[in-house]
Amino acid sequence: IELMKEGAKLFLGTHYFENYCYKAKEGTSFKRTIESARVIENTFLTANFFPDQSFVFEVSSTGFMRGQVRLMMGSLFRLGKEDISLTELESSLKFYDPSFVKWMVPSSGLILHKTELD
């Protein structure tokens with residue numbers, strides 16, 4: 001979990017997210033800014049099938065691409081399992097790498113908590 005927390009911090013700021021877009025449309029701009037990204041202990045979501053201790057990946061941005069958050073979480077899982085390193089995660093935000101293994105977490109765990117419009 002601690003490694004995943006460190007990895008989440010790497011998403012902060014403006015990066016090139018082509019490795020984190022599912023079936024991009026022609027002309028998609030992959031440059032996106034992540035305003036906050038953190039892995040925190042879950043203290044507000046409950047279900048009878050949750051373990052005693054669970055965690056949440058909380059992320060905010062002015063906009064996300066298709067599958068972006070699920071692919072970001074998949075990379076954090078891979079990081080936590082030590083399938084990739086912090087350096088590899090950081091590199092995945094700089095340029096497109098077709099060999100970067102993408103694992104998309106199931107949508108069943110994705111919850112849109114809040115939207116704000118200007």
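- For OH of Tyr96, the number of neighbouring non-hydrogen atoms (other residues, nucleotides, ligands) closer than 6.0 Å is greater than 12.
- The shortest heavy-atom contact between Leu76 and Met4 is O-CG, 3.2 Å.
- Under the 4.5 Å side-chain heavy-atom criterion for Ile, Leu, Val, Met, Phe, Trp and Tyr, Tyr16 and Tyr20 are members of the same hydrophobic cluster.
- Judged by distance alone, with hydrogens and angles left aside, the side-chain atoms of Arg32 form no donor-acceptor pair with the main-chain N or O of Gln68 at under 3.5 Å.
- Thr14 places no side-chain N or O within 3.5 Å of a backbone atom of Thr33 that could act as its donor or acceptor partner.
- At distances below 3.5 Å, not a single donor-acceptor pair connects side-chain atoms of Asp97 with backbone N or O atoms of Asn19.
- Cluster annotation: Ile111 and Phe44 are assigned to the same hydrophobic cluster (Ile/Leu/Val/Met/Phe/Trp/Tyr, side-chain heavy-atom contacts under 4.5 Å, transitive).
- Note: the hydrophobic cluster containing Met73 does not contain Val101 (ILVMFWY, side chain heavy atoms under 4.5 Å, direct or indirect links).
- Residues Ala37 and Ala8 come closest through the heavy atom pair CB-O, 3.4 Å.
- Note: the hydrophobic cluster containing Val105 does not contain Val56 (ILVMFWY, side chain heavy atoms under 4.5 Å, direct or indirect links).
- The shortest non-hydrogen separation linking Glu88 to Asp83 is OE1-O, 4.4 Å.
- The nearest pair of heavy atoms linking Ser75 to Leu89 is CB-CD1, 3.8 Å.
- Met65 CE to Thr28 OG1: the interatomic distance, rounded to the nearest 0.5 Å, is 7.5 Å.
- A distance of 6.0 Å separates CZ of Phe50 from CG of Asn42, quoted to the nearest 0.5 Å.
- The aromatic rings of Phe11 and Phe57 lie tilted to each other, with the angle between the two planes from 30° to 60°.
- The distance from the CZ atom of Phe17 to the CE atom of Met72 is 5.0 Å, given to the nearest 0.5 Å.
- In this structure the side chain of Ser91 never reaches within 4.5 angstrom of the side chain of Phe100, judged on heavy atoms.
- Transitive grouping of hydrophobic side chains (ILVMFWY, heavy atoms separated by less than 4.5 Å) keeps Phe95 and Ile84 in distinct clusters.
- Looking at His15, its side chain never comes within 3.5 Å of a backbone N or O of Ile34 through a donor-acceptor pair.
- Between Glu18 and Cys21, every side-chain heavy-atom pair lies at or beyond the 4.5 Å cut-off.
- Minimum heavy-atom separation, Ser54 to Pro51: CB-CG, 4.3 Å.
- More than 12 non-hydrogen atoms from other residues, nucleotides or ligands lie less than 6.0 angstrom from CD of Glu41.
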